[in-house]
Amino acid sequence: MHEWLLIALPLGVLVLTYLKMRVEIALLVGCVLGALLFAFSNPSSPYGMLASSIKYLTSALVKNLIDADHLKVIFFTLFMTLMVRVMQEHSSFKALIVQTSARLKNARQAQMLTYWSGLLIFFDDYLSVMFAGKLACAINEKFRVRKAKIAYIIDSTSAPIASVSLVSTWIGYELSQIQDALDRSQISIDAMELFVSGLTTRFYPLVTIVFVWCVIRWQLHIPPMPKHNELFVESFEEEKSTSTVTHRNKGSFVRALAPLWALMASLALVLVFSLNPLRGVIEWWQSPEQWLLHPNVDSLLALVVVSAIGLGIALIQSLRDKSHETNPWSVLFKTTKDTLQELKPLVLVLVLAWSFSTILNELGLGALLADRLSDVLSIRWLPFATFIISALVAFSMGSSWATMAIVFPVLVPIAHYTSSETELYNVLAYSCSAVLSGAVLGDHISPISDTTILSSIAAEIEVREHVRTQTPYALVAAGIVIVGGYCPLAFGLSITWVWVSLLALLSMSVAFIHLRSKASKTGL
């Protein structure tokens, strides 16, 4: 009974979110019920059940609020939001937006720009979400693109591209988790080799990237995503002052995005050379592979540092901008005040989401799912089952990284003891890839995922609305991956034919959704 209640907790939060309850209230209800379940599971506590649950809930909230990594995420979000807001007040950035918008003919092109912005910042999902999202809001507003669509595009490009990239803030953690699991099982296979071999079976991230492009290209509509207004051309002859700014600042692309260039260059240096350049150069030169496995860098701290650098340059630019009609200091003060006001409720959502994830983890939900489902695994269906398990764990925990830490130690021994020597390499490559794919899927449909919440912040939309509108698209992509990818793989098809199957099913799905979208427009 206790196990079923535990499994029902995250599902209940999702149901409450779909019933349009405010996500912070749904998360608070989940935290309270989780704390009561924890108190019920530990009757030996010297406190009464109610007092014990209150003490435990308070402890979880405080612990997650003051956690070093969580504070880094909060400061990164604050610095990035402030940086983009300050940039938006700069005349050269306004001119860039006007120039870019003038070159775009319709909403489809505006969404495509958002899509490629998300993919080009491939080295970190947080950075991709925050910058691409804020830039998208500024441009897509001209074409009346729904904020729910913007949130979907940035969320469904950021994590997928970061999870498959060989140069990202994910790669070190992914490889270290795989290598640790291999070492514990005494398997002499290199984690980097497994990672690269499994890229062709990273079905969900790759299919999602293609599917998002199809959604934009053919304006596919899956309820409850709000319908977009008909694609139209914007005149852009709104104000003479706007055209004057455009003319005066023509060719200001480099100056307008100077904080972003500085941020990206700083992040590249930090990731390559760590926070100690000399030590980083020596380690990288002596053993590039070992450095990649265990880079001596705190990626979250790196994001805070580089976002602070970007914010500093944006502030300097703003203070030197002579186009302000009012005092630049008053503009900065108002921007900062508005940003802090906007982020207050969203920081609350983040803290509640982290606390709920902590409670579920301490109650053992991730380990329970992995353990129960691993009992019924067949070696042929191991990648498929691993994908499902990882998606469930990521959905419940709200974290791709926590999913890797939970599933890899369970998966690798199962693969080791149930497969022959000739099968072991491929089984491990496909299954490790399935962990990473399932983790991204679970993140996309989880209301407590930090990237889901950050996407909502960037697109300026409520979290529950983003979850409700993105989930159907994510589940369609997951269905394509399961039916066209993992099932044929389990039946022994080669990777080439599996991808033929995937692309055929993807094409049929896109055609079907497109026809349904056209039928709904004509009232059929």
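On a predicted model such as this, the values are computed, not experimentally measured, just so you know.
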Minimum heavy-atom separation for [X] to [Y], with atom names?
X	Y	value
Gly484	Ser501	O-OG, 3.0 Å
Pro223	Pro472	O-CG, 3.6 Å
Leu505	Gly479	CD2-O, 4.4 Å
Val207	Ala477	CG1-O, 4.3 Å
Asn64	Ser355	ND2-CA, 3.4 Å
Ile359	Ala60	CG1-CB, 4.3 Å

Review point. Side chain to side chain contact (heavy atoms under 4.5 Å, CB included) between Ser494 and Trp497: does it pass, once the steps are laid out?
Key: CA-CA 5 Å; Ser494 67; Trp497 284 107; 3.3 Å; yes
When you compare the side chain of [Y] with that of [X], does any pair of heavy atoms fall below 4.5 Å?
X	Y	result
Ser437	Tyr486	yes
Leu182	Leu194	yes
Val62	Ile66	yes
Leu436	Val164	no
Ser400	Ser449	no
Gln111	Ile153	yes
Phe408	Cys432	yes
Ile150	Ile461	no

Rounded distance [0.5 Å steps], [atom1] in [X] versus [atom2] in [Y]:
X	Y	atom1	atom2	value
Asp450	Ile457	CG	CD1	10.0 Å
Ile495	Leu489	CD1	CG	5.0 Å
Leu506	Ile480	CG	CD1	4.5 Å
Leu363	Phe40	CG	CZ	12.5 Å
His221	Arg146	NE2	CZ	9.0 Å
Leu475	Leu441	CG	CG	7.0 Å

Check your understanding: Any Lys/Arg nitrogen of Glu362 or Lys63 sitting under 4.0 Å from an Asp/Glu carboxylate oxygen of the other?
Key ->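 A salt bridge links Glu362 with Lys63.
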**Study point:** Candidate list Ile216, Val215, Leu120, test side chain to side chain contact (heavy atoms under 4.5 Å, CB included), partner Tyr115, passing option
**Key:**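 Only one of Ile216, Val215, Leu120 forms a side chain to side chain contact (heavy atoms under 4.5 Å, CB included) with Tyr115, namely Ile216.
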Do the side chain of [X] and the main chain of [Y] share a donor and acceptor less than 3.5 angstrom apart?
X	Y	answer
Thr157	Ile154	yes
Thr403	Ala394	yes
His70	Ile74	no
Ser446	Phe395	yes
Thr471	Arg468	no

Review point. Could you give all pairs that pass the side chain to side chain donor-acceptor pair (under 3.5 Å) test and reach residues 194-203, with sequence neighbours left out?
Key: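 Found Ser197-Tyr425, Thr201-Ser433, Arg202-Ser433.
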Point to revise | Worked check of side chain to side chain contact (heavy atoms under 4.5 Å, CB included) between Phe203 and Phe387 | key: CA-CA 10 Å; Phe203 297 136; Phe387 175 73; over 6 Å; no
Practice item. Can you label the angle between the Phe384 ring and the Trp381 ring as parallel, tilted or perpendicular, going by 30° and 60°? Key: perpendicular
Review point. What pairs with Tyr152 under ring-ring contact (aromatic ring centres under 6.0 Å, His included), at least two apart in sequence or on another chain?
Key: Tyr473
Exercise for review: Check step by step if side chain to side chain contact (heavy atoms under 4.5 Å, CB included) holds for His444 and Thr452.
Suggested key: CA-CA 7 Å; His444 280 168; Thr452 299; 5.8 Å; no
Check your understanding: Given the rule in the side chain to side chain contact (heavy atoms under 4.5 Å, CB included) test, do Leu428 and Leu424 qualify, once you have shown the distances and angles that lead to the verdict?
Key -> CA-CA 6 Å; Leu428 280 173; Leu424 180 60; 3.7 Å; yes
Review point. Can a donor-acceptor pair be found between the side chains of Ser456 and Glu462 at a distance below 3.5 Å?
Key: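 No, no side-chain donor-acceptor contact under 3.5 Å.
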Check your understanding: Can the ring centroids of Trp116 and Trp213 be said to lie less than 6.0 angstrom from one another?
Key ->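 Not close enough - the centres of the two rings lie 6.0 Å or further apart.
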